[in-house]
Amino acid sequence: MFIQQLINGLILGSTYALIALGYTMVYGIIELINFAHGEIYMFGAFVGLILVTVFKVPFILAFLLAMAAGALLGITVEYLAYRPLRQSSRLAALISAIGASIFLSNLALLIMGAQPYTFPSPFDATVYRTSLFVISKVEIIVLASSILLMIALTLFVQRTKVGKAMRATAQDKDTASLMGININRIITITFAIGSALGAAAGVMVGVYFRTVTPTMGLMPGLKGFVAAVIGGIGNIPGAMFGGIALGIAEVMGAAYISSQYRDAVAFALLIIVLLLKPSGLLGRTAQEKV
Amino acid sequence: MKSRKRTMFVAAAAVLCLVLLAAIAGCAPKEPANGGDETTEIKIGMVGPLSGDAAAYGINILRAAEIAIEEANASGELGDITLKIISEDTEGDWAKAANAFTKLIDVDGVSVIIGGVLSSESEAGSDIVKDAAIPTISPSSTSVDLTKGNPYLFRNCLSDEVQAVQLAEFAVEELGMGKFAILFTKNDYGESLRDAFKNKAEELAEVVAVESFMDKDNDFKAQITKIKEKNPDCLYIAGYYTEAAKIAQQAQQAGMDIQLLGADGLCNVVFLEVGEDAVEGTYATSGFYPDDPMTAVQDFVKAYKDKHGEEPDMFAAQGYDAARIVIEAIKSKGTTSEQIREGIAATADFPGITGKTSLDEEGDTIKDVLILKVENGKFVRVR
Amino acid sequence: MHKIILKAANICHSFGGLMALKDVDFAIKSGEIVGLIGPNGAGKTTLFNLFTGHYAPTRGEILFNNLRISGLKPYQITPLGIARTFQNIRLFGQMSVLDNVLTGQHCRTRTGLFGAIIRTRSSKKEESRAHKTAQEMLHFVNLGDKKNEYASNLSYGERRRLEIARALATDPTLLLLDEPAAGMNPQETADLIELIRQIRVKMDKTILLIEHDMKVVMGISERVAVLNYGRKIAEGTPGEVQKNEAVIKAYLGESA
Amino acid sequence: MIGPYYLQLLILIGINTIMATSLNLILGYTGQLSIGHAAFMSLGAYGSALVTLHFGFPFLVSLLCGALFAAFFGIIIGLPTLRLKGDYLAIATLGLGEIVRIVFLNLELTGGAVGLRGIPKKTTLLWVVLAVLFTVFILSRIIRSRIGRAFIAIREDETAADSMGINSTYYKTLCFGVGAFFAGLGGGLFAHYMRYLNPNSFGFMRSIEHLCMVVLGGLGNMWGAFIGATILTVTPELLRTVADLRLLIYGAVLVLMMRVRPQGLLGQPLRNGIPLLGRFFQQARPKL
């Protein structure tokens, strides 16, 4: 049973990791808890669903288009709700993010209705059984895609010119702009990528859990952020790691403590990590300068 | 100069607040518009989640109640009385439901209310409608003893106790089940079902595992893996259709060959769509069977489908019946709140689309429990 | 004749492997004005932070009035009588000038939650005494007429002086000034020198200051200590230090 | 005569004012970003309701018990988490708030998910007005004292505050305790008004609502908290006339308000381009 629960946690964790990746990118650049990220995830899932069911677009194409649509929405939200507040307190930006999140989920409710939609699975329902555990094809794909996205993102940030500009911006916006980096452009690109990842997560989770609803973004969005914090916010492998730690903690909590306290175990993990290592499991600590 | 600007802002903001307050006061009609000249208009309130996580339940009930009222107005069965429905959103939050109840009673002057949808909403509204003496009928709040001691609160849905007990008996006697597992949603609905089912099942056979989950959860593998260890032959899902379908799927994937049971919360097409072959053979208690050949049922299903493009679910059917019970009460007793209350309380053998409904002296429902089974992707009535 | 009030022995401090201070010995006598100089990154501010408890030394011991203070927190050290200003002025920007100075009186007052709510006689008396002290400090640094301004609205020089007033309000015996003349014009610098002298004469404080402006350091310090690469390379009167070869080399660089 | 609905709104405005002012002490004056205020409210609500139900104490005593209960937990919870800063504190308090909610959801004593029924109705407008005045009076006294200056100093610059001899851990804990006390008071009033309690209303969205009230009204301003509470209590009710579009507009209003007046209606405008709360987010934060 333990091995099976570990696998369960791993898969659940990788769905959190998918969401956490986008969160951590955005936070790394503008240090804003992007509450609307959960709604972008929801939006991505809906775009994917509509493309697949109404327009009969092949799944891979629908996946990519959903990412593009997510990127577009992310840029729009940034432009309308966050950019005007760049010089204001971060709390104002946080409230604005919350407002954007409420707006988007209710817009979806108005357009799509409250009844859950079923996401037709593009993958066959093959299940691999071993003596120790059972795993399905979809689960392997979810796990693999989160790992692939993490690697791709890490390479992008480490190797490309834009990625380097992002890191420079994250370190010090003023200096970066003196170096000739267009800060607004970098922030836009970050939102585009982060939101595309959010949308990708939405489609993957939609496929995996089979339903799409307007309110699907709230709790996973929160968990995604928690995962990012556990891993060390702003740290891409950390998001992956944090997501999986969160997933495993939740599953183990349900398995060995009580399923009634499942979420409490997840949040307890968050608090313990924060107390022991405030910068997250993979984050670096820096002494405060006086 | 700075302090003057500040004072100005304080003043401006205070004025804004007052304007807001005045505006709501202004929106209110000065008196209940009950004194029409030729036609009497009766306002019916509806309280339920029209946004948020539970919106699907509230919206379906509202839609069905609207159909019932439109039909009644069109048919002229109430003579020169016209009915008007006014709905208020709770966002699924009972604290906001309290506002909705009070607003409907005080500002809109409704004579009767359909709602709340979630048990917690009805609980929060219970004392409000009692104090205001406004009869209220909930189409879907199933929590135990909800209506007890409140002469103004009724419900026309099966109480959790009745359906859970009957299904437990059915499973043991007809299906020959002996080892039960229970998976319940951590809310008032799931907890009430769990308690009732567990007691009965323990009495008749054995309960080997009880696990819980949260509404809107997606992943149930941890609980399923745990249950699988205990090797039950039957799993009772005390929850709603979306989560139940996912549970069925994930149990199937985990390689569990298990008989699934559930309550009326499962009876929605989403359960069939999402669950696909994993939900085949599931037994669920219900008050409503959309393929019932009865004309009232078929007329309703058709009207609902024509208007909203989807098949009505159990919530919709209960909402329709709740509205019909109110209409019958007005027909039989009169138009004042007190008369409507008497009418509802006197409901006996009402031929609803969810079965013959009577209300007992506590305002609770007595009606037959249907047992449905999923066969070839459709609910089929077995009892 | 004057007794030693601050004594640091064999102080070492490292930041994650990087040694910022190595075996520094340092002592200040009561009533002195001591200058601490050295090139950028020599460890001057780190030494300050060790004295005030913002860092705990990796090794070594600091005694203040024969009491071991190394390892204590800043809020424990301040009441003992050490106050400081910061290199990059750290005022409470959204507080009035007067409130900034009143905050300095925090460690000299006792009113608790109860006293604050009920406004007992003793708490009222304490508050008015604190106000009086704060007003005196403001007049002393010549900011008396600005007491109701927000601290962030002051000019640069005024902010420096306010920070000094705030530090004085904690009623210290030892005052640490971290580059008080940085960014000041010659007139402001001259005023500052005068102010520092006044602090010693009228208030009887011992002063340790970090300063890059040699005119200031050499003008008012009775003794100067020089740090370079975390080590103390020289100490003595301004005249002695100016002639010290190690110091000249440190300032002009090896290449010179 | 004022109708029950408006009376109810006034009472809710009052309770929300208490919630917002007490959060304002924590957030606006001491600069600690807490997204767990609803948890303190629920502690006070359940605490006082249980005392009333089981011991039948007079209302005032139940309220005090609830508030003290919340304050006690505020301090217990506050002590370890207050080492954290900015967004980290925010997410930790959010997590703690959820844990409190889940515990209430599972306790037999509190009725679990079914909720707690039969709480007598004791809260009247008079009680609420008195409680608001009491809260505002006490908090203003605290703020205009040595303790209040210590709070603000911590908000402005914790390092500098430390070197003024302010024990920031002690004062942050004190501030959490006092804030939780009044949140608990608000919760007690709420419980004895609603006559029913269910943990689901004390989730993180409720905490966010309180946060919005404080920020909208203006941080560090007593009037601001009142005005924020009024606007955010009344607006969703006003928007009932537009039914479907209600929350859509509500969301848009939040975004627009922040665009027009990011410092809140009565907040201090920014000076020298330094955001009011810029500094306390300044923890060294590893980047990409």
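Below, chain A is the first sequence line, B the second, and so on; all start at residue 1. None of these values were measured; they are calculated from a predicted model.
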Problem - Residue pairs passing the salt bridge (Lys or Arg N to Asp or Glu O under 4.0 Å) test where at least one lies in residues 185-197 of chain B, sequence neighbours excluded - result: Lys186(B)-Glu191(B)
Problem - Max heavy-atom pair count under 4.5 Å with chain B, selected residue of Thr211(A), Asp263(A), Ile135(A) - result: Thr211(A)
Problem - Side chain, backbone, both or neither of Phe213(B) within contact of chain A (heavy atoms, under 4.5 Å) - result: neither
Handout entry: Atom group of Thr242(B) that falls short of 4.5 Å from chain A, counting heavy atoms
Key = side chain
Practice task
Indicate yes or no for a side-chain donor-acceptor contact from Gln318(B) to the backbone of Met314(B) under 3.5 Å, with no hydrogens or angles considered.
Solution key: no
Problem - Contacting moiety of Glu211(B), where chain A heavy atoms sit under 4.5 Å - result: both
Practice task
Could I get the full list of salt bridge (charged side-chain N to carboxylate O under 4.0 Å, His left out) partners for Glu311(B), not counting sequence neighbours?
Solution key: Lys305(B)
Problem - Most chain B-contacting option - heavy-atom pairs closer than 4.5 Å, from Tyr208(A), Phe119(A), Tyr256(A) - result: Tyr208(A)
Problem - Test of ring centre spacing under 6.0 Å for Tyr236(B) and Phe184(B) - result: no
Fill in the blank from the handout: Highest number of heavy-atom pairs under 4.5 Å with chain B among Ser121(A), Ser136(A), Pro220(A), Pro120(A) belongs to Ser136(A)
Exercise for the section: With chain B as the partner chain, list the residues of residues 99-113 of chain A whose heavy atoms fall under 4.5 Å from it, by residue number, and write 'none' if nothing qualifies. Expected result: Asn106(A), Leu109(A)
Fill in the blank from the handout: residues 139-150 of chain A vs chain B, non-hydrogen distance cutoff under 4.5 Å, contacting residues -> Glu139(A)
Exercise for the section: Examine whether an atom of Glu310(B) lies under 4.5 Å from a heavy atom of chain A, and if so say whether it belongs to the side chain, the backbone or both; otherwise answer neither. Expected result: side chain
Exercise for the section: Look at Asp53(B), Leu50(B), Ile59(B) and state which one has the largest set of heavy-atom pairs under 4.5 Å with chain A. Expected result: Asp53(B)
